[in-house]
Every structure is written in C-alpha cells, then in structure tokens.
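Position 1 is the first residue of the sequence, and the numbers go up from there.
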Amino acid sequence: MPLRLTIFLILALFAAFLLGWQQSDGAFARADRAFLSWLQANSGQTVPSTSINKNPRPVVFVRLADEERATFEDWPLTRLDYAVILSNLRKKDPALVAIAPALYWPQFDEFGTGLLKTHIDALPAVVLGHRLAMGTPPPNLPPNLTPLTKTDGDLAGLPTFSSIELGPEPGLFDVADTGFTHPALLSMPGDQATTVALVAKLDDQVYPSLPLLIIANAIDATPNDIDVRISDFSRVRIKSLTLPIDANGGFNLDTAPTVINLDAETLIDASQQTELILDNLAPDQRLALSQLENAVVIVGDDSPAAQIHQLPNGARASTAALLARVVASVLSGNSTSNPRGNHQWSPFTQYLLWAALIAGAAYTMRFRKRRVLFICGVAAVAYIAAALVLYQATQSYASPFPPLILIAITALIALIFPTPSNKTKPRSP
C-alpha cells in the first residue's frame with residue numbers, strides 16, 4: 001500500500017473517531033448553532049440577532065413564596081405588599097420591572113391602588129401581567145390588552161382565548177404595557193424542548209405575552225415595533241432582534257439561561273442595611289442583591305402551589321419562573337436558533353457520510369497533488385451547497401465540521417506526501 005494512502009487512512013480514521021467522540025460530547029454545539037443560523041439566513045429563515053448582547057442586562061427573578069407569608073401583610077399579596085417590594089426595588093435602580101401576577105383584587109381600595117400606582121410611576125419602566133382564559137371575564141375588568149398591529153401569515157395555529165380572566169385593576173392598567181402570562185407552556189412531557197407561547201389570539205386579534213413585552217422594553221422598543229409573521233419560517237421581529245417561533249407562536253427554550261433568583265424576603269430585609277442581616281445572607285442572595293442595578297427584574301409567585309408546569313425534563317416550574325427563563329435566554333444571547341421542526345441528521349447518517357468521504361478521499365490519493373487539492377475544494381463547496389438544499393427541503397442539518405475536517409486532512413496529506421509512482425519496471429528481454 002502506498003505511503004501516502006497508508007498515512008491518510010491512519011490519520012483519517014483516528015480523526016473520525018476523535019471527531020465522533022467530541023461531537024457526542026457537545027464540543028461543536030456553539031459552532032453548530034452558527035452553521036444553523038447560516039442555513040436559516042440563506043434559506044429565508046431568520047435567527048436571533050446578537051446586537052443586544054454586547055452588554056446584556058442581568059435578569060433577576062424576585063421570588064414570592066409561601067414561606068415568606070410572615071414578611072407580607074397577607075397571602076396572596078396585597079396592594080401594600082407590592083408597594084413595599086417596588087419601593088425597595090427602586091432603591092436598587094433596576095432598568096425594568098415586570099410583575100407576573102395580575103394586579104387585581106376583588107375589593108376596591110382607592111388609597112391602596114393610588115399608592116401602588118405612585119410606586120409604579122416612580123420606576124423607569126414597568127410591564128404588567130394579564131391572565132387569559134376560556135370563559136366569561138370578571139365584571140368591571142377593562143379589556144386593556146393592546147393588540148399587535150404588525151401581523152402576517154396564517155395565524156390559525158396561534159393559541160385562541162375568549163376572555164381576560166384577570167388583569168390590572170382599573171387605575172393601574174394605563175400606567176404600563178401589559179402582556180399575558182397564560183398560557184406559558186406549549187410543549188408536553190416527553191418533548192425534546194420546552195416551548196413557550198410568545199403570542200396568542202383574543203377576538204381575532206394577536207396579543208403579546210409578558211416575556212415578549214419585557215424583551216421589547218429591554219431593547220427600548222414598543223408594542224408597535226413587534227412584527228409577527230407565521231409562514232414556512234415563522235418569526236417575531238422587534239427592531240433588529242428576530243426570534244424564531246413555530247406556527248403556534250411557540251419559542252423553543254432548549255438552553256439553560258442564567259436567571260438570578262432573589263427571595264422577596266431578602267430584598268425587604270436587606271433594605272434595613274444592618275450588618276447583622278447582610279452578614280447572614282446566603283452568598284447567592286448577596287450576589288443577587290448586587291445584580292439589581294440596571295437589571296431586568298421579574299416579580300412572580302414561585303411557591304410550590306404555583307409550580308403548575310411540568311417541563312419535558314420532568315422538572316416543575318411556576319409560570320413566573322418559566323417566563324423569567326425565556327427573557328434570560330433571549331437577553332443573554334443564548335436563545336435557541338432551532339425552531340420546532342428543525343432536526344439533526346441521525347448519527348448513523350452522519351457516520352455513513354464520513355465513511356463515504358474517507359473512501360472517496362482514499363481513491364484520490366493516487367492522483368497528483370494539484371488534482372487532489374482541486375477535488376477537495378469542489379467537495380467542500382459541494383457539501384455546503386448540498387447541506388443548504390437539504391435544509392431547505394427537509395429542515396434537517398448536521399454539524400459541518402467533521403466532514404470539512406476530513407476534507408482538509410485529505411488536502412493536507414496530498415500536500416505533504418508525494419504522489420505514488422504509477423510507473424512499472426520494464427520487462428527484461
């Protein structure tokens with residue numbers, strides 16, 4: 001066996017084994033996402049922009065839980081309780097505060113509502129939550145959700161709701177943007193990814209979710225800047241930011257974004273600024289307090305009773321915690337660029353491709369250097385073109401790095417080792 005072919009086979013087989021091991025260990029995950037982004041961009045599908053992530057704001061989730069009942073006036077929280085939370089948050093100078101539960105109480109309290117409104121007005125930006133339902137709206141609740149004006153495509157698959165179940169009470173609904181908090185979860189146990197609804201329909205109008213409005217406010221946009229398109233490549237666009245969604249308005253949350261959890265009790269106790277209290281804080285709570293400045297803060301119920309969503313991985317989460325994860329995923333730049341429907345080639349298919357490349361490259365080892373290099377260049381271009389065509393046809397993709405590295409090894413061996421001689425010895429007379 002010629003030396004060039006022998007060296008190539010040894011190096012290629014070792015590289016294939018190493019690449020397969022590294023790929024299964026997730027070594028190419030970030031680069032694969034970039035390749036998928038390229039496929040989507042060149043096939044008409046859009047992906048999240050990273051322009052907002054140069055200096056990402058931290059996302060802090062202020063947890064309201066049952067064990068903090070002694071801290072508050074009542075449970076669920078009263079207007080005064082929320083006023084105390086907002087007052088303490090204002091001292092930390094957050095960039096944006098969102099309240100996930102609907103600020104609605106059956107009993108009218110002009111003073112309490114006025115006090116709460118004063119604290120909301122004092123914050124730089126606030127987003128309030130609504131709850132949508134299939135049923136009759138409570139009396140005297142104003143339909144104060146603002147529909148999106150920029151929508152296009154087949155909207156039939158979006159979640160449809162007939163009423164507003166709970167919303168900010170009269171006196172609060174006009175002080176901030178409002179988005180729905182339910183439904184939050186579109187995926188089912190056993191699915192590969194958690195899918196959260198970003199938009200829904202009510203009376204044939206499309207309305208934004210709370211996390212969508214939080215994201216819009218975080219990049220200095222308004223509801224009028226939100227553009228929704230449902231098509232073969234569905235997306236939500238907010239100025240320069242584009243989020244991939246499916247035909248049901250679902251955003252895939254298949255990453256582990258960084259959400260900073262802060263107990264509401266810690267926030268209130270720390271406002272006393274006593275050395276004893278600060279010294280006794282858990283390290284994670286002390287860190288969370290230090291991250292509030294210029295942060296996106298989400299206040300929500302995270303008690304065991306509120307953990308109503310079962311995630312595909314079997315864990316349970318509250319609506320507020322789930323919405324905080326969506327916001328953190330987008331604002332940190334870790335949002336998935338893989339809408340539901342995209343899938344990777346099976347490992348068997350990928351390994352079969354690698355084997356075909358190695359076999360074909362072994363055959364070219366008998367050619368001259370210039371011809372091998374030409375074939376490698378054509379093979380690399382042909383592979384990228386074929387990957388794009390396959391993605392457009394089937395929305396399937398595979399990591400380009402193992403095959404491209406095998407092609408590069410072929411070119412390298414052809415450069416280093418001389419062409420095998422094809423001359424035969426002359427026969428003796």
Side chain to side chain contact (heavy atoms under 4.5 Å, CB included), that's the test. Do L86 and V97 meet it? Break it down for me.
CA-CA 8 Å; L86 296 180; V97 174; 3.9 Å; yes
Please answer whether the main-chain N or O of [Y] pairs with a side-chain N or O of [X] as donor and acceptor at a distance below 3.5 Å.
X	Y	result
T349	W345	no
T78	D74	no
N248	G157	yes
S209	L198	yes
R57	A218	yes
E169	T113	no
T410	L406	yes
R316	Q307	yes
D263	T266	no
R235	D227	yes

Nearest heavy-atom neighbours spanning [X] and [Y]:
X	Y	result
R79	D109	NH1-CB, 3.4 Å
I238	A221	CG2-CB, 3.6 Å
A411	C376	N-SG, 3.7 Å
A83	L116	N-CD1, 3.8 Å
A65	S303	CA-CB, 4.0 Å
V259	A328	CG2-CB, 3.6 Å

I need the [X] [atom1] to [Y] [atom2] distance, nearest 0.5 Å.
X	Y	atom1	atom2	answer
I215	I226	CD1	CD1	9.0 Å
D284	L289	CG	CG	10.0 Å
F35	F401	CZ	CZ	8.0 Å
L353	Y383	CG	OH	6.0 Å
L96	D220	CG	CG	10.0 Å
I230	D246	CD1	CG	7.5 Å

Note, [X] side chain near [Y] side chain (heavy atom, < 4.5 Å):
X	Y	value
K201	Y207	no
N217	I214	no
L103	Y82	yes
D93	N294	no
V296	V60	no
L158	V199	yes
I413	V372	no
I260	V59	no

For this session: Test side chain to side chain contact (heavy atoms under 4.5 Å, CB included) on L388 and Y397 and set out the steps.
Result: CA-CA 8 Å; L388 181 58; Y397 69 101; over 6 Å; no
Walk me through whether K150 and V228 qualify under side chain to side chain contact (heavy atoms under 4.5 Å, CB included).
CA-CA 6 Å; K150 298 179 181 178; V228 179; over 6 Å; no
Exercise. Do the rings of W75 and F72 sit parallel, tilted or perpendicular, given the 30° and 60° boundaries?
Worked result: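 W75 vs F72 ring planes: tilted.
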Could you go through the side-chain hydrogen bond (donor to acceptor under 3.5 Å, both in side chains) check for S318 and H309 one step at a time? CA-CA 6 Å; S318 66; H309 302 291; over 6 Å; no
Table please: side-chain donor-acceptor pairs of residues 121-129 below 3.5 Å, with sequence neighbours left out.
residue: D121; atom: OD2; partner: K117; partner atom: NZ; Å: 3.1

Practice task
Answer yes or no: is there an ion pair linking R63 with E265, defined by an N-O contact shorter than 4.0 Å?
Solution key: no
Margin query: Assess the residue pair L267 and I85 against the criterion (side chain to side chain contact (heavy atoms under 4.5 Å, CB included)); give the C-alpha distance rounded to whole Å, side-chain angles, the decisive distance to 0.1 Å, and a yes or no.
Written below: CA-CA 8 Å; L267 172 68; I85 291 174; 4.2 Å; yes
Only one of I268, L292, D269 passes side-chain contact (heavy atoms from CB on, under 4.5 Å) with N88, and that residue is I268
